[in-house]
Amino acid sequence: MSLRSDVDDLWQRRENGEIDAETAGSDALSTLEEFLTALETGEVRAAENVGGTGPGAWTVNEWVKRGILLNFSLREIRPRTYGGVAYHDVLALRDTSDLPARGTRNTPDGTTIRRGAYLGENCIMMSPSFVNIGAHVGDGTLVDSCDTVGSCAQIGRNVKLGANTLIGGVLEPVESNPVVVEDGVSLGAGCRVTSGFVVGENSIVGENTLLTPRIPVYDLVEDEVIYGHLPAERRAFTRFVESSLGDHELFAGGAYKPAVVALDVEEDTIDATRREEALRE
């Protein structure tokens, strides 16, 4: 049987009430361990690019997300230690001894990588930062201080996540798209990307920008309003537009709501980003 069929079988048994955390035996746990290793080596991933850029270029591997959920439902909470720190969880933290051979480094006292997370070659994780199960971080990407990369998030190659950036996790329902940050993206400090939003490749996003499907993106390049993704090669930042509540008597000065404005990536913006990246090499 393949790993996928083993996971599917475990999922069906759990759905039928035939197995739980108390009754899961060594065979089930062996499958779960094999699955986590496959995630960590990049053999399997929660979503894959099927060609191009943007939301339509990504497909969800539902069986992988089921495998992640099984690692929570078929394991019991127990005391653990890592780096001299005691904690209680169903999963251990990821062994990081394989990272140096790939040129990837993590600084001490606060870089936390959960089991089932993939980090590519020449990545940098600064303290404190956290990468959750199912996340896939591409080659050459920087995860800066106080960053969180949520479950199943797909981060491309040569991405810069500015300090205090949140990449949301999307685990359930299993058919839901995870957050995707495509190759070459630079997110400024304090950005938030949530709810399956897709950031197109080589875009540069200003600090403290919230990217979520509920907030419109005013793409001035194509002169359209879009939801759920930022097209490739854009410079994006937050602005406030008039709200439909603007004429309410409680808002004497007018009511406004956040929006994202997207422009062409300007050459001076690219140059500034390259200079900053050069300081980290």
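A donor and an acceptor atom, one from each side chain of Asn132 and Ser151, are nowhere located under 3.5 Å apart. Side-chain polar atoms of Gln12 and Asn16 form a donor-acceptor pair below 3.5 angstrom. Looking only at atom types and distance, the side chain of Thr212 has a donor-acceptor partner in the side chain of Arg214 under 3.5 Å away. Between Asp20 and Thr23, the side chains place a donor N or O and an acceptor N or O closer than 3.5 Å (distance only, hydrogens not considered). Judged purely by distance below 3.5 Å, without hydrogens or angles, the side chains of Ser203 and Arg235 never pair a donor atom with an acceptor atom. With hydrogens and angles left out, the side-chain atoms of Ser127 and Thr111 include no donor and acceptor closer than 3.5 Å.
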Legend entry - Intermediate values then yes/no, side chain to side chain contact (heavy atoms under 4.5 Å, CB included), Val199 and Phe197: CA-CA 7 Å; Val199 185; Phe197 195 97; 4.0 Å; yes
Inset, instruction - Evaluate the side chain to side chain contact (heavy atoms under 4.5 Å, CB included) criterion for residues Arg105 and Leu99: first the C-alpha distance (whole Å), next the side-chain angles of each, then the deciding distance (0.1 Å), finally the verdict. - result: CA-CA 7 Å; Arg105 52 193 170 98; Leu99 299 185; over 6 Å; no
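Salt-bridge check for Glu62 with Arg66: passed, with a basic side-chain N closer than 4.0 Å to an acidic carboxylate O. Here Lys160 does not pair with Asp144 in a salt bridge; the nearest charged N to carboxylate O distance is not below 4.0 Å.
Residues satisfying the salt bridge (charged side-chain N to carboxylate O under 4.0 Å, His left out) criterion with Asp183, sequence neighbours excluded, are Arg157.
Within the 4.5 Å cutoff, the side chain of Arg14 has heavy atoms near those of the Leu70 side chain.
Identified under the side-chain hydrogen bond (donor to acceptor under 3.5 Å, both in side chains) test for residues 167-179, with sequence neighbours left out: none.
Relative ring orientation between Phe35 and Trp63 is described as perpendicular, the plane-to-plane angle rising above 60° on a 0-90° scale split at 30° and 60°.
The number of heavy atoms from other shown groups lying within 6.0 Å of CD1 (Ile77) does not exceed 12.
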